[in-house]
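For reference, the structure discussed in these notes is given below.
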Amino acid sequence: MENFDLIVVGSGPGGYIAAQRAGDLGKKVLLVEKEHLGGVCTNKGCIPTKALLNSAKMYRHALDSEKMGVTAKEVTYDLASAMSWKQDTIETLRGGIAFLMKSAGVTVVNGEATFIDKNRIDVAGKTYSATNIIVATGSSPLVPPIEGSTLEHVVTSDEVLEIKKIPSSIVIIGGGVIGIEFASYFSSIGTKVTVVELLDEILPMMDKDFAKLMRREMKNVDFNLGCKVTKITDDGVIFVDPKGNEQSVAGELVLLSVGRKANLKGVEKLNLETAKGYIVVDENLKTNVDNVWAIGDVNGKSLLAHSASRMAEVVVANLYSSEKQKMRYFAIPWALYGMPEAAGCGLTEQEAIKQNREILVGTTQMRANGRFLAEHGKRASGLCKVVVDKKSKAILGIHLIGPYSSEIIASASVIIESELRIKEVKELIFPHPSVAEILKDTLFAIEKTL
Ligand SMILES: Cc1cc2nc3c(=O)[nH]c(=O)nc-3n(C[C@H](O)[C@H](O)[C@H](O)COP(=O)(O)OP(=O)(O)OC[C@H]3O[C@@H](n4cnc5c(N)ncnc54)[C@H](O)[C@@H]3O)c2cc1C
């Protein structure tokens with residue numbers, strides 16, 4: 001039996017970062033992965049979706065660029081080429097992660113880990129032991145118990161990334177980030193898209209004004225809000241609308257994007273405490289077993305790749321370095337890479353009001369921004385909303401809808417995490433022309449109201 005300082009189970013952005021960081025600190029580390037290095041993020045999530053979304057964006061740009069002086073004749077979208085671009089990207093990144101593991105001296109074993117006890121795991125009949133273990137087994141698509149959900153034309157985000165033919169129509173059940181990204185993708189490549197969402201608005205983490213604008217901008221998508229799907233049939237979906245009427249919508253393909261569930265197979269022996277299906281962890285990401293940590297999607301705290309990686313850094317720093325760190329959740333940015341793009345960090349206006357905070361709110365149209373106008377024209381829509389604490393003037397939330405949002409939000413998270421106030425951000429210099437300048441403009445707009 002080989003003994004390690006640390007065993008990491010699962011090689012997503014939580015697991016491989018944990019393994020790399022601990023390896024770099026000179027620890028003897030084993031990383032176990034039953035599928036491919038990189039986990040959901042690299043193979044079935046963040047990366048493949050962005051590769052496909054970008055191809056669809058380019059297709060749309062090619063179709064729409066005549067007014068800017070570019071005429072492309074016979075523009076077509078070839079799914080097979082887009083899929084092979086996506087696959088090539090995945091494989092390059094997988095190779096990059098393998099290289100990182102090698103450089104950090106991490107031993108990688110391919111196979112399913114099953115816990116024997118709190119210090120030992122079994123992989124394909126071989127036993128490995130470690131003083132500390134990190135569970136980073138991630139999550140999988142949730143398949144709701146709806147009649148018809150196992151029919152052949154019903155897919156989750158895993159299978160939809162492998163389709164061979166562009167469907168003429170798709171019904172997407174669930175209007176969260178994953179559902180809306182796929183709605184953007186398919187509607188851009190010519191598929192008729194219908195979204196059926198149980199709640200009365202899509203994208204529950206988003207500012208309500210923004211969610212409305214998002215729907216308005218996704219002109220080719222038919223949204224059915226407050227609707228409960230009751231059955232999936234051979235050619236579509238049956239749902240009950242808010243008035244209690246039964247409706248049906250046709251779909252060659254049906255995508256289930258109603259949430260995720262933690263991957264707990266293999267960890268049963270540990271008797272880890274769970275809540276709502278996710279492993280319970282304390283503020284240090286430790287489970288109820290004293291040498292076992294759980295990071296990333298599997299603990300359900302924040303189902304984002306960058307959150308998983310940050311949790312990995314926190315656990316490894318606290319285990320093996322003198323620098324004690326804390327996982328903070330307030331300034332975790334999220335981004336939606338649809339058409340349009342959107343991103344947010346910190347409190348939305350609605351959340352701040354719910355918390356009875358006294359706030360100032362500023363909203364600016366992106367049309368007023370030079371770069372946005374130059375690249376998208378005066379008919380395009382985009383917004384920036386900033387939420388500020390009325391008394392301290394600290395920035396509590398930044399929300400964007402429009403191009404580059406996913407890039408600008410990185411600076412927004414620095415602003416919020418550092419608890420910067422209006423005055424401090426106003427004194428920063430932003431490059432011109434950049435869409436990011438909208439942040440400063442919005443702060444000046446807020447100041448004007450004082
Ligand atoms: C379609 C889609 C798009 C997404 N887009 C984004 C995005 O743009 N940005 C973003 O931040 N997040 C995005 N996410 C979420 C992101 O992918 C996850 O938050 C992230 O991958 C979680 O990382 P993780 O390390 O917790 O686990 P995962 O990435 O889920 O990896 C866990 C790994 O553990 C392995 N494993 C499980 N059990 C065992 C076992 N017993 N033995 C060995 N190996 C095991 C699995 O095979 C898997 O490879 C997206 C998700 C999906 C589905």
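When a ligand or atom number is given, it counts from 1 through the structure's own listing order. Atom set for the values below is all heavy atoms of this structure, side chains included, hydrogens, waters and symmetry mates excluded. No experiment lies behind these values; they were computed from the predicted model shown.
Residue contacts with ligand 1 for L303 involve N, CA, C or O but no side-chain atom from C-beta outward (heavy atoms, distance under 4.0 Å). Residue-level proximity to ligand 1 for P141 is absent, since no heavy atom of it falls below 4.0 angstrom. Residue contacts with ligand 1, taken as heavy atom pairs separated by less than 4.0 Å, involve S157 solely via side-chain atoms from C-beta onward. In K50, the part holding a heavy atom less than 4.0 Å from any atom of ligand 1 is the side chain. Using a 4.0 Å cut-off between heavy atoms, V9 contacts ligand 1 through its side chain alone, with no backbone atom that close.
Protein heavy atom nearest atom 22 (C) of ligand 1, with residue, atom name and distance: D297 OD1, 3.2 Å. The closest protein non-hydrogen atom to atom 34 (O) of ligand 1 is G10 CA, 3.2 Å. Counting protein heavy atoms only, atom 42 (N) of ligand 1 is closest to A113 N, 2.9 Å. Protein heavy atom closest to atom 50 (C) of ligand 1, with residue, atom name and distance, is C46 N, 3.9 Å. Of all protein heavy atoms, the one lying nearest to atom 53 (C) of ligand 1 is R260 NH1, 3.3 Å. Among all non-hydrogen protein atoms, the one lying nearest atom 28 (P) of ligand 1 is V40 N, 3.7 Å. Here the protein heavy atom with the shortest distance to atom 10 (C) of ligand 1 is A305 N, 3.5 Å. Closest to atom 45 (C) of ligand 1, if we only count protein heavy atoms, is K34 CG, 3.7 Å.
A donor-acceptor pair is defined here as one N or O able to donate and one able to accept, closer than 3.5 Å; such a pair exists between the side chain of N119 and the backbone of A130.
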request  = Begin with the C-alpha distance, continue with both residues' side-chain angles, and end with the deciding distance and a verdict on side-chain hydrogen bond (donor to acceptor under 3.5 Å, both in side chains) for Y320 and R21.
outcome  = CA-CA 10 Å; Y320 302 121; R21 298 286 188 265; over 6 Å; no

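Residue contact annotation: Y337 has a non-hydrogen atom under 4.0 Å from ligand 1. For G111, the heavy-atom gap to ligand 1 drops under 4.0 angstrom.
Shown here is K276, whose NZ atom has no more than 12 heavy atoms of other residues, nucleotides or ligands within 6.0 Å. In the displayed structure, D222 atom CG is contacted under 6.0 Å by more than 12 heavy atoms of other residues, nucleotides or ligands.
K28 forms a cation-pi arrangement with F4, by the criterion of a distance under 6.0 Å to the ring centre and an angle within 45° of the ring axis. By the 6.0 Å and 45° rule, K385 does not stack over the aromatic ring of F210.
Looking at ligand 1, you'll find an N or O of L304 within less than 3.5 Å of one of its N or O atoms. The N/O atoms of N263, backbone and side chain alike, include none that comes under 3.5 Å of an N/O atom in ligand 1.
The pair K440-E437 fails the salt-bridge criterion, with no side-chain N (NZ, NE, NH1 or NH2) lying under 4.0 Å from an Asp/Glu carboxylate O. A salt bridge between K44 and E35 is present, with a side-chain N of the basic residue lying under 4.0 Å from a carboxylate O of the acidic one.
No side-chain heavy atom of Y278 sits under 4.5 Å from any side-chain heavy atom of L264.
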